[in-house]
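Shown next, in structure tokens, is the structure this report addresses.
A note on names: the letters A, B, ... follow the listed sequences, proteins ahead of strands, and every chain is numbered from 1.
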Protein chains: 2
Amino acid sequence: MSDLVTRLRQRSWRMTPQRRVIAETLDGAHVHYTADEILERAAGRMPEISRATVYNTLNEMVALGEVLELNLDGRSKRYDPNVEHEHHHLICEGCGATKDVHTVGNPMDWLPGDERHGFAVTRASITFRGLCRECAAAS
Amino acid sequence: MSDLVTRLRQRSWRMTPQRRVIAETLDGAHVHYTADEILERAAGRMPEISRATVYNTLNEMVALGEVLELNLDGRSKRYDPNVEHEHHHLICEGCGATKDVHTVGNPMDWLPGDERHGFAVTRASITFRGLCRECAAAS
DNA sequence: TCCTAGACTAGACTTAGTCTAAAAGAAGAT
DNA sequence: ATCTTCTTTTAGACTAAGTCTAGTCTAGGA
């Protein structure tokens, strides 16, 4: 599995120091950061990096299809570099903890033809919600 | 199928004129409005209604479980009064058009036990994306 | 080394939504 | 009917997330 920086360079995307720091921050994460969290962490390594660059860079990586933009909570967007393996998300309604999960079968099969309204359907994302062990125990 | 105003009154929720206008606006819609669109339409019938009231009222209806809050595009939230029949959403990536859709089977079955991370999973929402007929033809 | 398209920066701006403090309105007690 | 109390509504200030702008800088090719 190639890392994000490698994938981006293979697409001959201009690799500036700022972009590298952002890509490495994203790729090293085991949780899905918000743009602000990425800015904060990137600024730890490159203090003069600007907010606009972080947003521009993230949006470009999303447009290239190398990073996924997640809208899990309706507040800030989160970014997920793991586009290689399709996965979905499981969120705790108590504490907001988020896990990547895999479904059995292909979600596209769950939508019958007569429910497609003539659309060419290309992808499906599923958000499962519930309570994690800690929050369930606390309630 | 009872309408939203009736359901809310059955729960002995204080039905003020403002709340009635908001509930009726929501319930009469065949698309999912944003809070701002609801404010705009409610203000057509009751010009002095305030933005805070619209937000407060929508949030309370969501807390009561009588209205669903949707996060389909990552910009503004949309509100869906149709909580009686479980459904999911299909969105055109070209023009943003949104359709309610129904899946075959129960999405909860697609998440095996060993992918649940100890969570008590209670619900699943699926967002299908693709291109509507018009946008597919235009591209 | 020089040039230039593309990238970066600070900070103003926009959008969506929340908060606050005061005024208005409804419900029960007398 | 009037008083008291609790809830709801209001205008507008405030916050958070993200975009835009105009000027500066730089990566990478000639």
Can you identify which nucleotide, out of [options], has its nearest atom closest to the [X] side chain?
{"X": "R14(A)", "options": "dA27(C), dT9(D), dG28(D)", "answer": "dG28(D)"}
{"X": "A52(A)", "options": "dA10(C), dG17(C), dA5(C)", "answer": "dA10(C)"}
{"X": "R19(A)", "options": "dG17(C), dT9(C), dA7(C)", "answer": "dA7(C)"}
{"X": "S76(A)", "options": "dG18(D), dT9(C), dA11(D)", "answer": "dG18(D)"}

Assign each of P17(B) and R51(B) the nucleotide of DNA chain C bearing its closest heavy atom; nearer the 5' end lies the nucleotide of R51(B)
Nearest-nucleotide check on DNA chain C, A35(B) vs T57(A); residue mapping nearer the 5' end is T57(A)
Quickly work out the [X] [atom1] to [N] [atom2] distance and round it to whole Å.
{"X": "E48(B)", "N": "dA24(C)", "atom1": "CD", "atom2": "P", "value": "13 Å"}
{"X": "I49(A)", "N": "dT26(D)", "atom1": "CD1", "atom2": "P", "value": "14 Å"}
{"X": "N71(A)", "N": "dA16(D)", "atom1": "CG", "atom2": "P", "value": "19 Å"}
{"X": "W13(A)", "N": "dA27(D)", "atom1": "CH2", "atom2": "P", "value": "14 Å"}
{"X": "R78(B)", "N": "dG17(C)", "atom1": "CZ", "atom2": "C1'", "value": "15 Å"}
{"X": "K77(A)", "N": "dT15(C)", "atom1": "NZ", "atom2": "P", "value": "15 Å"}
{"X": "E40(B)", "N": "dA16(C)", "atom1": "CD", "atom2": "C1'", "value": "15 Å"}
{"X": "N59(B)", "N": "dT7(D)", "atom1": "CG", "atom2": "C1'", "value": "17 Å"}

Please determine if a side-chain N or O atom of [X] lies less than 4.0 Å away from the OP1 or OP2 oxygen of [N].
{"X": "Q18(A)", "N": "dT9(C)", "answer": "yes"}
{"X": "S50(B)", "N": "dT9(D)", "answer": "no"}
{"X": "N56(B)", "N": "dC19(C)", "answer": "no"}
{"X": "Y55(A)", "N": "dT19(D)", "answer": "no"}
{"X": "T16(B)", "N": "dT9(D)", "answer": "yes"}

Answer yes when E37(B) and R78(B) have at least one side-chain N-carboxylate O distance shorter than 4.0 Å, and no when they do not. yes
Taking the basic N atoms (NZ, or NE/NH1/NH2) and the acidic carboxylate oxygens, is any pair closer than 4.0 Å for R14(B) and E60(B)? no
Between F128(B) and I91(B), is there a shared hydrophobic cluster once you connect ILVMFWY residues whose side-chain heavy atoms come closer than 4.5 Å? no
Of all the heavy-atom pairs spanning I126(A) and H88(A), show the shortest one and how long it is. N-ND1, 3.0 Å
Tell me whether the rings of H87(A) and H32(A) are parallel (<30°), tilted (30 to 60°) or perpendicular (>60°). parallel
